[in-house]
Amino acid sequence: MDLFKQTIHTLHERLTKKEISAVELAKSVFTRTDVVESKIRSYITETREQAMAQAAAVDAKLAKGENIAPLAGIPGALKDNICTNGVKTTCASKILANFVPPYNATVVDKLAAQDAVITGKANCDEFAMGGSTENSGFFVTHNPWDIERVPGGSSGGSASAVAAGQAIWALGSDTGGSIRQPAAYCGAVGLKPTYGRVSRYGLVAYASSLDQIGPITRDVTDSALVLNAIAGYDAKDSTSINEAAPDYTQALVQDVKGLKIGLPKEYFGAGIQPEVAAAIQKAVEQLKAMGAEVKEVSLPHTEYALPAYYLIAPAEASSNLARYDGVGFGHRAEGSDIIEMYKKSRSEGFGPEVKRRIMLGTYALSSGYYDAYYLKALQVRTLVKQDFDKAFGEVDVLITPTAPTTAFKIGELSDPLAMYLQDIYTIPINLAGLPGISLPCGFVSGLPVGMQIIGKPLAEATIIQAAYAFEQANDYHTRFAPLGEE
Ligand code: GLN
């Protein structure tokens, strides 16, 4: 099999056995990118030169007989809202089109400590606001399973790179579903860790109380390996959880006997594509046959989660994005006075969705409306969290669809509200700060369907185990998008 199609764990084994070299592997991924990038457009910036040097350094270690880390020499992509020292980090926004950070995000340092090879910076919705990558300030990314469709978003370039063979793994960020939903649309595994499990230092803030970085990979084993590399306490992130991260590969056990699974009845209602619901039901039946106990549960405040999110996230965004004023960094337009300069810089730099959210957020935070909107949304957030606490008193994990439909066509959801509804099953998990994983559980008309497994706070190991057991009983993760082979 072509090297660019393989997983981290198989490639690691082949590297350590000296069957392949890291340079050969990097070249395989770049050659693949040369073939497919014009159709998919995963990357805003490629870092091939640096990647080749990283790969050569790993080969040198291997030649000396040194042990290498699980990610050493394995090429992966970073969403372009994760700061990389000396490498452009644009957030897919014109306002940051030429921004070169003077420091690395903590996750980037952690990956470097494992000698991971970084292929480049992946496209996304501008400032991670969106669910299709159509809001990128630069270009639209295409779904490798059907290039007329979106890869999902906002981490669409990360997911498409993994699915198209342009990276073996990738990092995304998830504020309301942006790791899990693109992973679902692209047939990959996407894991959003518990809020605070992975450092946000150096992740350009969208909505700080919701943002989390996490892996997008080809299988659950790789997800555990990347999470191992990036999880853990970081004094530079004040919301980081001060608790040692376990070795998540210990959870790669094919056993769900006695696992209590809850199916939230509110997640199978109106708006769901029937084939998606059927695929989830079938997957749950399979888990039951493998020894899991399944029961219906209720999360009664589900319908209020989306409106609460679209107050809280824009409110935080309006504050976080105030720093792009044309002075400190980023795009600057000239004006006759400072106010005009601010106005012009921001008007030219931000795209329509970002402007919409800045306006929504500013409104929700303004005096007179704060109590009616923002404070109310925070109260709803507490109720949503309490729903989960209650459900987790009865079950170990919750299973839901990741998104109500399979990948939609580029341009199909022009109404912002219709787009927002794509995240109806992922947003509540961010509001509650819980971990969630999406993995492929079937195909509908050649398009992957994602199943979401949600865990208690810090129970990443539990959702990894359930996901692994399901994955190993099926072959969905072994399928590769037929791109370029037609
Ligand atoms: N699609 C959601 C939004 O537009 C979630 C985005 C995200 O998780 N970054 O806000």
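Everything numeric here is computed off the predicted structure, so don't read it as measured data.
- No hydrogens or angles considered: a donor-acceptor pair under 3.5 Å links the side chains of Arg180 and Gln452.
- In this structure, Thr47 contributes its side chain and Gln50 its backbone to no donor-acceptor pair below 3.5 Å.
- Of the possible donor and acceptor atoms, none in the side chain of Ser154 sits under 3.5 Å from a partner among the backbone N and O of Asp125.
- Side-chain contact between Cys186 and Pro144 is present, with heavy atoms from C-beta onward closer than 4.5 Å.
- Asn81 and Thr89 form no side-chain donor-acceptor contact under 3.5 Å, judged by distance and modelled atom types alone.
- Paired with Ser208 under the rule side chain to side chain donor-acceptor pair (under 3.5 Å), one option of Asp237, Thr239, Asn320 passes, and it is Asn320.
- A donor-acceptor contact closer than 3.5 angstrom is absent between the side chains of Tyr233 and Arg197.
- Looking at heavy atoms from C-beta onward, Ile241 lies in side-chain contact with Thr194 at the 4.5 angstrom threshold.
- Taking both residues in full, the closest heavy atoms of Ala313 and Tyr206 are given as CB-OH, 3.6 Å, listed atom of the first, atom of the second, then distance.
- Residues Phe470 and Leu439 meet the side-chain proximity criterion, which asks for heavy atoms closer than 4.5 Å.
- The number of heavy atoms from other shown groups lying within 6.0 Å of CG (Asn67) does not exceed 12.
- A donor-acceptor pair shorter than 3.5 Å can be found between the side chains of Asp234 and Ser199.
- Remark: side-chain polar atoms of Lys288 are not paired, donor with acceptor, to backbone N or O of Ala283 under 3.5 angstrom.
- Separation of atoms CD1 (Ile40) and CZ (Arg32) is listed at 8.5 Å; rounding is to 0.5 Å.
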Evaluation steps, side-chain contact (heavy atoms from CB on, under 4.5 Å), between Arg41 and Phe138: CA-CA 10 Å; Arg41 308 218 62 191; Phe138 304 129; over 6 Å; no
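- Sequence neighbours left out, the pairs with a member in residues 253-267 that pass side chain to side chain donor-acceptor pair (under 3.5 Å) are Glu266-Ser298.
- Using modelled atom types and a 3.5 Å distance limit, the side chains of Asn104 and Asn85 yield no donor-acceptor pair.
- Between the side chains of Lys79 and Ser173, at least one donor N or O lies within less than 3.5 Å of an accepting N or O.
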Check against side-chain contact (heavy atoms from CB on, under 4.5 Å), Ile427 and Ile424: CA-CA 6 Å; Ile427 274 174; Ile424 191 154; over 6 Å; no
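- Residues Ser136 and Glu126 have side chains that never bring a donor and an acceptor to within less than 3.5 angstrom of each other.
- For the 3.5 Å distance criterion, the side chains of Asp174 and Gln181 fail to qualify, holding no donor opposite an acceptor.
- Expressed to the nearest 0.5 Å, how far CG of Leu227 lies from NZ of Lys192 amounts to 11.5 Å.
- Checking side-chain atoms of Gln114 against main-chain N and O of Leu71 turns up a donor-acceptor pair under 3.5 Å.
- Side chain to side chain, Ser438 and Thr402 meet the donor-acceptor criterion of an N or O pair below 3.5 Å.
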Working for side-chain contact (heavy atoms from CB on, under 4.5 Å), residues Ile454 and Val397: CA-CA 6 Å; Ile454 306 159; Val397 298; over 6 Å; no
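- Here the side chains of Val276 and Thr406 are in contact, with some heavy-atom distance below 4.5 Å.
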Steps toward salt bridge (charged side-chain N to carboxylate O under 4.0 Å, His left out) verdict (Asp80, Lys121): CA-CA 5 Å; Asp80 206 19; Lys121 308 297 293 288; 3.1 Å; yes
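- Ion pairing between Lys61 and Asp115 holds under the 4.0 Å rule for side-chain N and carboxylate O.
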Residues Thr84, Ile118; criterion side-chain contact (heavy atoms from CB on, under 4.5 Å); working and verdict: CA-CA 10 Å; Thr84 39; Ile118 304 302; 5.6 Å; no
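- Distance check, rounded to the nearest 0.5 Å: OG1 of Thr141 to CG of Asn123 gives 3.5 Å.
- Ser93 contributes no side-chain N or O that, together with a main-chain N or O of Thr90, makes up a donor-acceptor pair within less than 3.5 Å.
- What you find for Val198 and Ala231 is that their closest heavy atoms are CG2-CA, 4.0 Å.
- Using a 3.5 Å distance cut-off with no hydrogens or angles, the side chains of Ser223 and Arg218 do not pair a donor with an acceptor.
- Remark: the Gln166 side chain and the Ser42 side chain contain an N/O donor-acceptor pair separated by less than 3.5 Å.
- For Lys17, the salt bridge (Lys or Arg N to Asp or Glu O under 4.0 Å) partners at least two apart in sequence or on another chain are Glu13.
- Without hydrogens or angle criteria, Ser28 side chain to Glu24 main chain gives no donor-acceptor distance under 3.5 Å.
- The distance from the CD1 atom of Ile8 to the CD1 atom of Ile168 is 8.0 Å, given to the nearest 0.5 Å.
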Steps toward ring-ring contact (aromatic ring centres under 6.0 Å, His included) verdict (Trp145, Tyr185): CA-CA 9 Å; Trp145 294 88; Tyr185 283 5; over 10 Å; no
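- Phe392 places none of its side-chain heavy atoms less than 4.5 Å from the side chain of Val297.
- Looking at Thr302 and Val384, their side chains never come closer than 4.5 Å, going by heavy atoms from C-beta outward.
- Residues Phe99 and Lys88 form no side-chain contact, since every pair of their non-hydrogen atoms from C-beta on lies 4.5 Å or further apart.
- In this structure, Asp247 contributes its side chain and Thr249 its backbone to a donor-acceptor pair below 3.5 Å.
- For Arg48 and Thr119, the side-chain atoms include no donor-acceptor pair closer than 3.5 Å.
- At least one donor-acceptor pair closer than 3.5 Å links the side chain of Trp169 to the backbone N or O of Ile74.
- Asn430 and Arg381 share no donor-acceptor pair across their side chains, judged by distance under 3.5 Å alone.
- Donor-acceptor pairing under 3.5 Å is recorded for the side chains of Asp211 and Thr175.
- Using a distance-only test at 3.5 Å, with no hydrogens or angles considered, a donor-acceptor pair links the side chain of Thr16 to the main chain of His12.
- In this structure, a donor-acceptor pair under 3.5 Å is present between the side chains of His301 and Asp387.
- The number of heavy atoms from other shown groups lying within 6.0 Å of CD (Glu19) is above 12.
- Going from atom CG of Leu259 over to atom CE of Met290 covers 10.0 Å, rounded to the nearest 0.5 Å.
- The minimum heavy-atom distance between Lys456 and Leu434, with the atom names listed, is C-CD2, 4.2 Å.
- The closest side-chain heavy-atom distance from Asp222 to His9 is below 4.5 Å.
- Minimum interatomic distance between Phe408 and Ser132 (heavy atoms only, all atoms of both residues): CZ-CB, 3.8 Å.
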Full working for ring-ring contact (aromatic ring centres under 6.0 Å, His included) between Phe4 and Phe30: CA-CA 9 Å; Phe4 66 79; Phe30 294 143; over 10 Å; no
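- How far OH of Tyr468 is from CD1 of Ile437: 12.5 Å, rounded to the nearest 0.5 Å.
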